[in-house]
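Below, each value reflects all heavy atoms present in this structure, side chains not excepted, and no hydrogens, waters or symmetry copies. Here is the naming used below: chain letters follow the sequence lines, and residue numbers restart at 1 for every chain.
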Amino acid sequence: MIKYNKEAYQLIHDGILALSRVEQQGICVDLDYIKKEKDKITEEIKKLENEIYDSNFFKVWEKSSKTKTVNIYSGQQLSRYLYKIKGIRIKKETETGQGSTDEETLRKLNIPELDMFLRIKKLKKIRDTYLKSLERECSDGYIHPFFNLHNVRSFRSSSSAPNFQNIPVRDEESMNIVRGAIYPRPGHQLLELDYNQLEVRIAASICKDKNLIRDVTDGDMHRDMAIEIFRVDKFDSTIEGHSKLRKAAKNGFVFPQFYGDYYKNCAENLACTWGELSKSKWVSGQGIKMNGVHLSDHLIKQGIKSYVSFENHIKNIEFDFWNKRYNDYYRWRETIWNRYQHKGYVSSKTGFVFRDLMKKNDVTNYPIQSSAFHCLLWSLIEGVKAQNREHWDTKIIGQIHDSIVLDVNSSELQMVLNVMNCIMCNDVRQHWDWIIVPLEIEAEISPIGCSWAEKKPYKF
DNA sequence: GGAACTCGCCAC
DNA sequence: AAACGTGGCGAGTTCC
């Protein structure tokens, strides 16, 4: 039998208390701004809808429809029209075998009405998922998102009402509109403290892979993999194309591999999504530009003349990645997978036990994902303690898996940064000596009185 | 008219 | 043998 782990219990106990304080403090939102933005969006949607309704594309759809009225927002109706009526060849299917109507698929069809439709969908997402929920959950100018510790299979957290953990950040326009509604308190600034590569550092601590420890301590694995994947001999991040290659290696290979993906998916994503190439024949002048040279020309010159040979190339890189570069990590995964199959459970470093029926990827990911999040949770608990003990005017207002969001009084900024840096990078390692690599945080901050959309990296 | 489902999309 | 991990949420749809 597994012993009851008092330490794991205590972490959740303290975590819930700290997070309830965070929830109670809340986050300022600007309701007038939200109303204005919603109206602007509604106007634009109306215009675009009318354009679609006036189009020949739509009229044919209406004539061929089985239903009385066409609902352009019904995936089923759209799928039937595109693939059954218009006879477009299905390139991607959904889980249930229906022709897909996701953004990537529709974009490739090059139909102007569908581009308008996708624009509407994006605007609706901003309005209906984000702005509406901020408005709905706002009381007296504040929202109080829940941070739950009891929902997630891996013992991470979740957030709801509204979900504070999926606010747009990558897409410029969505980011600006939604984060433009979120404000610090008067005289304050929004500060986000983000662990640098937390999950990878925790993975290195758990599997003790020598090369992984080296790379998170004093290296750049994404750059290294970009060099291998794209066969560039000298890497210069000041060249725009090269930082794109590094990003491609990171998001198209390294992370997916760590999560348990395999080379076929990686090859497709690297070539098509990140490299802007196609799976059909590679010809000159395709793909992202690096120093004026297109990726297709570069790869062809390097002897990778087609998608098929690129896939094979990625297969070899995957083999090296797990059998040479990170072989200790690979062996750790095999070991705990075997142990799970014999004993029926696996544990995190923080004392949590997973006894569900799990796939291999689950068994190897959960201990890492949970231990990483628990570092953040421990830091948050200590941060809230400091806030209370020292009577900060600064408030911890949220948490996003590996980052802490604060509403900081500008006069306390340097002090708060020092205290939080000490907690997040030093104290947590004293508490858990199994963390055997350095931890680092990065900061982003918005100017006084400005919304979260104005956040900028902050060196300290 | 609500529960449960699918699909799609936002975050880490 | 398997083949990307974790959530929340909105809209459409189907079932009861």
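Side chain of A:Glu103, nearest nucleotide from B:dC9, B:dA11, C:dC9: B:dC9. Taking every side-chain heavy atom of A:Gln369 into account, C:dG5 is the closest of C:dC9, B:dC12, C:dG5. Here C:dT6 is the nucleotide among C:dT6, C:dG8, B:dC10 with the atom lying nearest to any side-chain atom of A:Val152. Among the nucleotides B:dC12, C:dT6, C:dC4, the one closest to the side chain of A:Asn265 is C:dC4. In the set C:dG5, C:dG7, B:dC12, C:dG5 carries the atom at the smallest distance from any side-chain atom of A:Asp362. Side chain of A:Asp261, nearest nucleotide from C:dA3, B:dG8, C:dG5: C:dA3. Across C:dG8, C:dA3, C:dT6, the shortest atom-to-atom separation from the side chain of A:Arg153 is found for C:dT6. Out of B:dC7, C:dG8, B:dA11, the shortest distance to the side chain of A:Val169 is found at B:dA11.
Note on A:Tyr263: nothing from the nucleic acid sits closer than 4.0 angstrom, heavy atoms only. Residue A:Ser174 is classed as having no contact, given no heavy-atom separation below 4.0 Å to the nucleic acid. If you check every strand for non-hydrogen atoms under 4.0 Å, A:Lys122 touches nothing. Among the protein residues, A:Ser159 comes within range of the sugar-phosphate backbone only, with heavy atoms under 4.0 Å from sugar or phosphate atoms but none that close to a base. Looking at heavy-atom distances under 4.0 Å, A:Asn269 makes contact with a base.
Side-chain nitrogen and oxygen atoms of A:Asn151 include at least one within less than 4.0 Å of the OP1 or OP2 phosphate oxygen of C:dG8. In this model, the phosphate group of B:dC7 is approached by a side-chain N or O of A:Thr94 to a distance below 4.0 Å at OP1 or OP2. For A:Ser100, a side-chain nitrogen or oxygen approaches OP1 or OP2 of B:dG8 to under 4.0 Å.
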Under a 4.0 Å heavy-atom criterion, the protein footprint on nucleotides 10-16 of chain C, written with B, S and -, is SSSSS--
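A salt bridge is absent between A:Lys279 and A:Glu311: the closest approach of a Lys/Arg side-chain nitrogen to an acidic carboxylate oxygen does not fall below 4.0 angstrom. Residues A:Lys108 and A:Glu104 are paired through a salt bridge, judged by an N-O separation under 4.0 Å between the basic side chain and the carboxylate. A salt bridge links A:Arg156 to A:Glu199: one of the charged nitrogens lies within less than 4.0 Å of a carboxylate oxygen. Between A:Arg201 and A:Glu440 there is a salt bridge, with a side-chain nitrogen of the basic residue lying less than 4.0 Å from a carboxylate oxygen of the acidic one. Contact check on A:Arg331 versus A:Asp328 returns a salt bridge, with a Lys/Arg side-chain nitrogen under 4.0 Å from an Asp/Glu carboxylate oxygen. By the 4.0 Å N-to-carboxylate-O rule, A:Lys122 lies close enough to A:Glu173 to be salt-bridged with it. Under the 4.0 Å criterion applied to side-chain N and carboxylate O atoms, A:Glu334 and A:Lys360 are assigned as salt-bridge partners.
Atom-to-atom, CZ of A:Arg333 to C1' of C:dA1 comes out at 15 Å; the value is rounded to the nearest Å. Here B:dG8 presents its C1' atom at 14 Å from CZ of A:Arg107, a figure rounded to the nearest Å. When rounded to the nearest whole Å, the span between CG of A:Leu357 and C1' of C:dA2 equals 15 Å. Atoms CG (A:Asn365) and C1' (C:dG7) sit 14 Å apart, rounded to a whole Å. Regarding A:Asp102, its CG atom lies at a distance of 17 Å from the P atom of B:dT6, rounded to whole Å. The distance between atom CD1 of A:Ile143 and atom P of C:dC9, rounded to the nearest whole Å, is 12 Å. The CD-C1' distance, from A:Gln399 to C:dT6, rounds to 13 Å in whole Å. Rounded to whole Å, atom C1' of C:dT6 lies 11 Å from atom NZ of A:Lys359.
Not a single donor-acceptor contact under 3.5 angstrom links the side-chain atoms of A:Lys125 to the base of B:dC10. For A:Arg170 against B:dC10, no side-chain N or O and base N or O form a donor-acceptor pair under 3.5 Å.
Across every non-hydrogen atom of A:Ala204 and A:Ile436, the tightest pair is O-CD1, 4.4 Å.
Taking 4.5 Å as the limit, every side-chain heavy atom of A:Leu295 sits out of range of all side-chain heavy atoms of A:Glu276.
Residue whose closest nucleotide on DNA chain C sits further toward the 5' end, between A:Ala161 and A:Arg156: A:Arg156. In terms of position on DNA chain C, the residue among A:Lys360 and A:Tyr366 whose nearest nucleotide sits closer to the 5' end is A:Lys360.
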